[in-house]
Trainee: 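The structure that follows is given in the form of structure tokens.
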Amino acid sequence: MPVGDVESAVAASATADGVALIRMARVAWLNTHGHFALPPQAASVAGVLQRVFEELGGDEREQRSKQLRTLPNDLFHTDSKTMVEVDEVQHFTSFRALTIRKRPSSPGDQSDEYLGLCEEWSSLADRYRVTKEAKGFPGPHGRARQRAYNDLLRDLVAPVMGYRIVRVPAPMLSGPEAYARAAHRLQALRSPDY
């Protein structure tokens with residue numbers, strides 16, 4: 001399925017169900033330098049990000065030398081200020097499992113669900129683009145390690161910057177199937193108490 005099709009289909013399904021999700025404009029604090037360019041409000045999560053960056057084999061010099069650009073987001077629910085990330089199979093690697101285990105958990109997060117999905121899909125996901133280079137994460141599995149780091153970056157920094165984050169797991173699912181799997185989370189965004 002072409003890149004972006006699942007996200008578009010999730011957005012269409014959500015909109016049909018009364019949850020307006022839009023393509024989100026990029027935010028400055030989510031960028032290619034990662035935790036090396038965090039605003040002061042996010043200092044509380046820098047230590048965890050640094051430790052995980054090192055465990056993933058990140059190269060600080062390379063990461064800092066990247067052209068400073070904002071990273072894309074998938075979808076956004078404006079009223080609740082919620083980032084919605086649609087995670088296809090390539091997100092469920094053993095590297096993502098490592099980042100989930102290293103992050104502080106909070107009530108209602110999706111850690112257990114995502115660890116289960118990593119266990120189920122990592123043998124396939126770890127083989128996806130093994131040789132794809134990723135500046136800041138040299139060597140085999142560079143892109144997978146970079147993706148796991150960027151997912152953790154979103155998970156930890158979004159809340160301290162005043163955003164919520166909801167992840168829609170979509171390993172080998174169509175957009176409507178992924179929406180159905182996460183409909184309860186997305187429908188909750190309509191509640192003023194969310």
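Numbers for residues simply follow the sequence, beginning at 1.
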Trainee: Closest heavy-atom contact between Gly57 and Arg145?
Mentor: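 Minimum heavy-atom contact is O-NH1, 3.6 Å.
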Trainee: I need the Ile100 CD1 to Leu152 CG distance, nearest 0.5 Å.
Mentor: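 It is 9.0 Å, given to the nearest 0.5 Å.
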Trainee: Has Thr93 got a side-chain atom pairing as donor or acceptor with Ala125's backbone, closer than 3.5 angstrom?
Mentor: no
Trainee: Tell me if a side-chain donor or acceptor on Asn150 pairs with a main-chain N or O of Arg147 at a distance below 3.5 Å.
Mentor: no
Trainee: Taking only residues two or more places apart in sequence, or in another chain, which ones meet Asp17 in a side chain to side chain contact (heavy atoms under 4.5 Å, CB included)?
Mentor: Tyr179, Gln187
Trainee: With Asp151, which residues qualify under salt bridge (charged side-chain N to carboxylate O under 4.0 Å, His left out), at least two apart?
Mentor: Arg96, Arg167
Trainee: Measuring only between side-chain heavy atoms, which start at C-beta, is Thr32 closer than 4.5 Å to Leu68?
Mentor: yes
Trainee: Which atom names give the shortest non-hydrogen contact between Ala9 and Pro176, and what distance separates them?
Mentor: CB-CD, 3.9 Å
Trainee: Give, for atom CG of Asp59 and atom CZ of Phe53, the distance between the pair rounded to the nearest 0.5 Å.
Mentor: 6.5 Å
Trainee: Any link between Leu173 and Val89 through a network of hydrophobic side chains (Ile, Leu, Val, Met, Phe, Trp, Tyr) touching at under 4.5 Å?
Mentor: no
Trainee: With sequence neighbours excluded, what pairs up with Arg23 under the side chain to side chain donor-acceptor pair (under 3.5 Å) test?
Mentor: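 Counting only residues at least two positions away or on another chain, Arg23 forms a side chain to side chain donor-acceptor pair (under 3.5 Å) with Ser8.
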Trainee: With a cut-off of 3.5 Å and sequence neighbours excluded, list every side-chain donor-acceptor pair involving residues 33-50.
Mentor:
unit_1, atom_1, unit_2, atom_2, d
His33, NE2, Arg64, O, 3.3
His33, NE2, Lys66, O, 2.7
His35, ND1, Tyr149, OH, 2.5
His35, NE2, Gln50, OE1, 2.6
Gln50, NE2, Glu54, OE2, 2.6

Trainee: Rounded at 0.5 Å granularity, tell me how far CG in Leu189 sits from CZ in Arg164.
Mentor: 8.5 Å
Trainee: Which atom pair, heavy atoms only, marks the closest approach of Thr70 to Ala28?
Mentor: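 In this case the closest contact between Thr70 and Ala28 is CG2-CA, 3.9 Å.
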Trainee: Can you tell if the side chain of Val27 reaches within under 4.5 Å of the side chain of Met161, non-hydrogen atoms only?
Mentor: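 A side-chain contact under 4.5 Å is absent here.
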Trainee: Which pairs, with at least one residue in residues 115-125 and sequence neighbours excluded, count as a side-chain hydrogen bond (donor to acceptor under 3.5 Å, both in side chains)?
Mentor: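 side-chain hydrogen bond (donor to acceptor under 3.5 Å, both in side chains) check on residues 115-125 returns no pairs.
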Trainee: Applying a strict under-4.5 Å side-chain criterion to I, L, V, M, F, W and Y, I'd like to know whether Leu71 and Phe95 cluster together.
Mentor: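 Looking at the clustering, Phe95 is in the same group as Leu71.
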Trainee: Does any part of the side chain of Val19, heavy atoms only, come nearer than 4.5 Å to the side chain of Arg190, both counted from C-beta?
Mentor: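 Side-chain contact under 4.5 Å: yes.
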Trainee: Give a yes or no answer on whether the side chain of Glu177 reaches the backbone of Ser174 with a donor-acceptor pair at less than 3.5 Å.
Mentor: yes
Trainee: Please report the shortest heavy-atom distance between His91 and Val86, naming the atom on each side.
Mentor: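 Of all heavy-atom pairs spanning His91 and Val86, the closest is NE2-O, 4.5 Å.
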Trainee: So does Lys81 have more than 12 non-hydrogen atoms from other groups sitting under 6.0 Å from NZ?
Mentor: yes
Trainee: Quick check against the 3.5 Å criterion: does Arg185 have a side-chain atom that pairs as donor or acceptor with the backbone of Val166?
Mentor: no
Trainee: List the atom pairs, donor and acceptor, that lie under 3.5 Å between side-chain atoms in residues 135-144 and the rest of the protein, sequence neighbours left out.
Mentor:
unit_1, atom_1, unit_2, atom_2, d
Lys135, NZ, Ser65, OG, 3.2
His141, ND1, Asp126, O, 3.2
Arg143, NH1, Gln146, OE1, 3.1

Trainee: Mind checking whether Val157 and Leu30 have side chains closer than 4.5 Å, heavy atoms only?
Mentor: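 They are not in side-chain contact.
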Trainee: How many angstroms lie between CG in Leu98 and CG in Leu56, if you round to the nearest 0.5 Å?
Mentor: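 It comes to 5.5 Å.
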Trainee: What distance separates Asp87 CG from Leu117 CG, expressed to the nearest 0.5 Å?
Mentor: 9.5 Å
Trainee: According to a hydrophobic-cluster definition based on side-chain heavy atoms being under 4.5 Å apart (Ile, Leu, Val, Met, Phe, Trp, Tyr only), do Phe92 and Tyr128 belong together?
Mentor: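 No, because Phe92 and Tyr128 fall into different hydrophobic clusters, even though each may have its own neighbours under 4.5 Å.
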Trainee: Provide the closest heavy-atom pair for Ala170 versus Val6 in the form atom of the first, atom of the second, distance.
Mentor: CB-CG1, 4.1 Å
Trainee: Between Leu186 and Val168, what is the shortest heavy-atom contact and its length?
Mentor: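 Result for this residue pair: CD1-CG2, 4.1 Å.
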Trainee: Can you tell me how far apart CE (Met83) and CZ (Arg154) are? Round to the nearest 0.5 Å.
Mentor: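 One finds 8.0 Å between CE of Met83 and CZ of Arg154.
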Trainee: So, the side chain of Asp74 versus the backbone of Glu7: is there a donor-acceptor pair under 3.5 Å, distance only?
Mentor: no
Trainee: Should Arg101 and Glu55 count as an ion pair when the cut-off is N to O under 4.0 Å?
Mentor: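 No.
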